[in-house]
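The structure appears right after this line, and notes come after that.
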Amino acid sequence: MDFLSDPRFTGIKPFENRVWLSSPTMHGDEQKWVDDAIKTNWVSTVGENINEIEKQVAEFIGIPYTVALSAGTAALHLAVKLCGQKLYGQPEAGHGTLEGRKVFCSDLTFAATDNPVCYEGGKPVFIDTERETWNMDPKALERAFEIYPDVKLIAVAHLYGTPGKIDEIRAIADKHGALIVEDAAESFGSTYKGAQTGVFGDVGVISFNGNKIITGSSGGMILCKDRADAEKARKWSTQSREKAAWYQHTELGYNYRMSNIIAGVVRGQMPYINEHIKQKREIYYRYKEGLKDLPVSMNPFDVLSEPNYWLSCMLIDEDAMAKHERGDTSETWSTEPGKSSPGEILGALAAFGAEGRPIWKPMHMQPVYRSRPFVTKDGEEDVGADIFRRGLCLPSDNKMTKQQQDIVIDIIHRCFK
Ligand SMILES: *Cc1c(COP(=O)(O)O)cnc(C)c1O
């Protein structure tokens with residue numbers, strides 16, 4: 001399909017500068033703290049930038065203990081391991097803390113939410129999604145506990161910066177004596193009933209990956225309520241060295257600690273998190289207004305929550321879906337008046353130099369997880385697959401100008417012509 005010569009797009013010129021989905025935004029302070037680390041020779045995994053961001057994030061989120069790590073995925077691994085050990089004790093070397101145990105996992109999410117369960121030998125059971133926030137459905141979770149009453153761990157994410165129904169999930173977990181790993185990688189700065197995401201789980205996680213709301217270029221953090229948990233995570237992240245003159249090990253270790261240089265970038269970003277959220281919020285509402293005459297809706301959120309609006313997403317009404325087909329790695333779609341499809345819209349945006357993205361493909365549809373159980377609220381309707389089929393992530397970069405966003409909105413309109 002050649003969008004540039006398609007008469008529906010006559011008059012639209014490709015963007016001179018690419019419009020990104022969500023790219024890093026540096027402000028200058030990052031350089032200062034990175035330089036500071038280099039000038040003072042604190043460039044390893046110890047230093048003032050690390051201490052400072054651990055303190056600042058703890059205060060910002062309202063959680064007593066934080067440990068800065070090399071990635072959100074590393075933080076999730078240690079979070080899962082902490083919970084696994086609380087539940088089942090310390091395994092022998094060569095075995096995971098969750099070996100053979102089932103764990104309830106968000107289904108519609110980035111694979112990094114759930115993969116760490118498998119790093120620890122656990123067996124994911126994927127829980128379907130609800131339509132009000134596009135996150136784990138408490139009704140499906142209840143049903144999963146009926147089917148698998150012995151499960152003691154839940155890994156749950158807040159998608160695209162929108163808090164899920166985390167207090168309902170907390171109540172269900174408490175009823176069944178289960179622990180929660182809360183993946184707030186995409187939702188740093190979002191609140192639910194006034195509290196920041198990341199504080200609802202037994203252990204929480206945020207990410208400083210390059211496309212998140214603020215970034216260290218990479219990096220992540222584990223959020224803990226108990227000092228002992230934080231100390232354990234810190235010890236594991238630095239190869240599990242015991243207090244001895246030589247390298248003494250009673251536990252497996254990892255090289256997961258954040259460097260003081262990366263921490264300098266995060267330290268420079270921290271003062272701007274609320275500014276980024278404000279910009280993302282404006283982008284969301286401009287889309288909502290600009291797309292209101294089309295047969296589409298924006299990604300919804302709970303009135304009790306305040307998202308960080310990390311990514312603006314839209315969902316095409318069922319009766320406005322043009323014919324389309326998705327295989328494992330390719331797709332086809334057709335052009336129909338008054339209708340469109342995620343493939344067509346993402347293709348048109350890409351042709352003019354704007355980056356969108358499909359919705360996360362649900363884990364139960366991923367070849368790597370195809371044999372794992374999947375639980376829906378009624379054993380029938382697959383909500384996650386439906387959102388994946390009809391939804392897409394719109395260009396949500398906080399540096400996108402109003403003029404650029406107007407063109408993006410115009411292109412989307414023309415896809416329905
Ligand atoms: C980005 C992300 C992660 C992983 O964070 P990294 O810092 O990239 O390792 C985990 N979960 C979700 C939902 C994410 O979007």
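Numbers here are sequence positions counted from 1. Order of listing sets the numbers, starting from 1, for every ligand and every atom in it.
Residues lining ligand 1 at a heavy-atom distance below 4.0 Å are given as Ala71, Gly72, Thr73, Leu76, Thr109, Phe110, Ala112, Thr113, Asp183, Ala185, Glu186, Ser207, Asn209, Lys212, Gly219, ordered by chain and residue number.
With sequence neighbours left out, the side-chain contact (heavy atoms from CB on, under 4.5 Å) criterion links Trp42 to Thr40, Val46, Asn260. Listed by chain and residue number, Glu381 satisfy the salt bridge (charged side-chain N to carboxylate O under 4.0 Å, His left out) test with Lys377 (two or more places apart in sequence, or in another chain). With sequence neighbours left out, Thr215 forms a side-chain contact (heavy atoms from CB on, under 4.5 Å) with Pro24, Met26, Gln269.
Under the 6.0 Å cut-off for aromatic ring centres, Tyr309 and Phe301 qualify, their centroids lying closer than that.
Under the 3.5 Å distance criterion, the side-chain polar atoms of Arg227 are left unmatched by any main-chain donor or acceptor of Tyr65.
Inspection of the Asn209 and Ser207 side chains reveals no N or O donor paired with an N or O acceptor under 3.5 Å.
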